[in-house]
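Quick note: numbers below take in every heavy atom, side chains included, and nothing from hydrogens, waters or symmetry partners.
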Amino acid sequence: MIKTARQQSGNAEVTAVTKAATEQDHLNRLHSRSLSFTGTLRWGICVLACAWIALCTAIGPIYRANASILDFSWHNLLLFICTFAVCFAGMVVLYLWARRAERRRREREHNGNETHRGPWNAEAPNERRPGSGLRIRIQALGVRMRNAVDGHPRLHSFGHDAGRLIIRCTDRWWKIAIILCVGWLWAYATLLVAFGADVRAQVNEFNLWWANLHGIVLPYKQGFTQMDIYPTAHYLWPEQATYLTNQHNIVLTMVYGGIVAVCRAFSGSDDLGLVVLAGTQYLFAAFCLSVTAHRILTFGKPYRHQGNSMKAQAGALPRILILVFLLCCPLVVFSTISITKSPLFAFAFVWWLGIWYQLLRMRSDGMGGTEDERRRTAHDSGEGGRRMSTYRIPGRLTLAMAVSTVVMLISVKYALYIVAIQLLVFLIADRKRWRFYIISLAVPLVVFQVMISTLVGTGTIITGDPIESKGVQLQQIARVAQRNPQGIPEDARKALEPILDLQAMGQEYSPNDADRVKSSGTMGKITTYKWRTVTAHDMKAFNRAWLEIGLRNPVLYLDAFLAKSYGYFDVTDPPYVAMSYYVNNTYVQDSTVWIKGWSHDWRNSVVERSTAWGNTPFWGWFTHGNFWVVLTLVLLGAELLLQRWHSLAYQLPLLLLMGVMVVAPANNFERHMLPIAFSFVFIAIAFWQESQCGEKHCGEKHCGNSYSRDDHSPESNRPECRSRELSDHDVPDDDKLAS
């Protein structure tokens, strides 16, 4: 009986073990299926992104010839295949390189050698993995080049001294700002200012409001006014006369108009005010780009490490790349003095993005602030005396986030949606810091929106016309009216009759620009949008009529959409309106008082050289905004494959901005691409840093990217380490971010 009981007990144990193993195996299979599904989804999204870039590039020749998607031929198919291969290969190369860097980093951590070998140091031959012949040759070439440099002491010393000098000259945000201001000075000193129709409209609105405020009788609905230029439908106008609109954001209108009015009182013209506005934006651009560069170069930790005489900072190469881009790219240089809402938003957005990057790095550390701040915020968890750290964000960072958010909100209207979506995402993903998000994002957002709603509700300002958000729909209706007017159903024609003049829309239709089919222009324009007589009741039938026409003409609708948006993702497509347009247009060269006589011919020469550079094959892509948009989309695809969810979370606004570009009124309008173009160099360097060091180690002593000195390291006497050393007096005290 005892034997039988033991057998039964053993069988029960075996059965339990077998059952547990079966359940574990089942869970492993479910986990494997889940990973397979998510992996397939990630790769599928990346394939779609590359396919979209390839499609836009392939159809570029079709729509530049004003043809249709039905004319797609094998030439376009070949272009599609080649573009897709290049973009997808770029994503895969970035993915494999990052995985390989991560694997090597983990091997170093596992072997305990990460303090003895940085990412730039060569491994011993017997430590290398077997690879292809090409990779072995490349590695051997790198070793020979390093040996050749080491064999020439003067060249070796010069390289190290130059690297130390570059780091020393750019180890504070204000030093970078000085370099940028000096490098851009030629543009501000010789060109003074660049602007277009928008700032003129804002100044005119302020002047009309000021005159009306002082009792001067002006035409309102009785004649053509400033509000009729865009236009804004009369049913939106209050009964009591007001000349301020939210067309370009009322806060920015008041700031621009007020400064120009004050300067006009001293100088007698608007020119001085425009130059002052350009100088203010010039300094603001230097500040935003320099503080963001400093955050990236210090791995999101722009504070002084306690007990260490040197900040953990990146090396000379990323510093050179950032400065070359910011000082040489015409997009950046022209934007610094362009008084238009888009450059202002772009610079504030880069500042905003840098703050998000710093928050990501602080979250990786599990804390924020200096060593003293972290020591003060640490507290006992009650579990064996184990010390935990709380999230504590410096007050100056909260203020910086709030100010950058406000500048974005007063610059462009779509900033409202970008801030709201980002706020929602981080309130869900990072609930521990909800107070920070409420103070720095939610409060400015709510206050701003309440202010605008109150001004509109009280009749103080005229709200923006809803027709401004229907650019794609207007282009589609206009293309049908031009190429197939018989295809418009009678019911849709009757519904649109109080809103649009379909015949005039067909005549004015331009594939690249929706302004022509919504009556934007001067007094002599052709009326397509009946803004004087349309009512709110009439506008309710717009979407239904648009859909009815689209069901009859799907190809024309597709053509209108693609023709209006493909240029943002086609690097071979020249800009429809480049940033150089604002340098020497008729508003600057003919309509000013004394600015038009300041280096008049030089302006034309600068624009001609910039255009010639942009028209150069391949090399000219550097000057186009869509080139940086495509690179950004490829980089974000690689991050998706690597499952870097934290990085993708703070870079989500870049994808939202791409969506804004697609629905923008014009095709390949460079000012809409400025935030993405300015951000690429920073997110690319952040991608490299995270690949080399991992999410939690950037800037630490054992990080290969760190240039901090560790005098106790056994490697401190090696030439590779001595090349990265800086003495105590090379670095000033910790900077405080300007409020």
According to ring-ring contact (aromatic ring centres under 6.0 Å, His included), who are the partners of Y582, at least two apart in sequence or on a separate chain? none

Is the NZ or CZ atom of R295 both under 6.0 Å from the centre of the six-membered ring of F682 and within 45° of that ring's axis? no

The criterion is salt bridge (Lys or Arg N to Asp or Glu O under 4.0 Å); which residues satisfy it with R264, sequence neighbours excluded? D270

Contact check, side chains of V660 and Y417, non-hydrogen atoms, under 4.5 Å: no

Taking the side chain as every heavy atom from C-beta outward, state whether I676 and M661 have any atom pair closer than 4.5 Å. yes

Using atom types as modelled and distance alone, determine if a side-chain donor or acceptor of R433 lies under 3.5 Å from a backbone N or O of I393. no

Measure the shortest side-chain to side-chain distance between N249 and N246 over non-hydrogen atoms and say whether it is less than 4.5 angstrom. yes

Does the side chain of E205 reach to within under 4.5 Å of the side chain of Q202, using non-hydrogen atoms? no

Might you work through the side-chain hydrogen bond (donor to acceptor under 3.5 Å, both in side chains) test for S691 and R644, ending with a clear yes or no? CA-CA 10 Å; S691 300; R644 294 180 179 177; 2.8 Å; yes

Are V350 and F347 packed together at the side-chain level, in the sense that at least one heavy-atom pair is separated by less than 4.5 angstrom? no

Student check: side-chain heavy atoms of E690 and L642 closer than 4.5 Å: no

Give every donor-acceptor pair under 3.5 Å between a side-chain atom in residues 318-330 and any protein atom, sequence neighbours left out.
from	atom 1	to	atom 2	distance (Å)
R319	NE	A314	O	3.2
R319	NE	G315	O	3.1
R319	NH1	T170	O	2.7
R319	NH1	T170	OG1	2.9
R319	NH2	Q313	OE1	2.5
R319	NH2	A314	O	3.1

For I462, does its backbone N or O pair with a side-chain atom of T245 as donor and acceptor, under 3.5 Å? no

Should the ring pair W351 and F284 be called parallel, tilted or perpendicular, given that the plane angle runs from 0 to 90° and is split at 30 and 60? perpendicular

Applying side-chain hydrogen bond (donor to acceptor under 3.5 Å, both in side chains), which residue pairs with at least one partner in residues 327-342 are found, sequence neighbours left out? H248-K341, S342-R671

Side-chain heavy-atom pair F349, C288 within 4.5 angstrom cut-off: no

Partners meeting ring-ring contact (aromatic ring centres under 6.0 Å, His included) with Y414 (sequence neighbours left out): F345

Applying ring-ring contact (aromatic ring centres under 6.0 Å, His included), name anything that partners W356, two or more places apart in sequence or on another chain. W352, F426, Y437

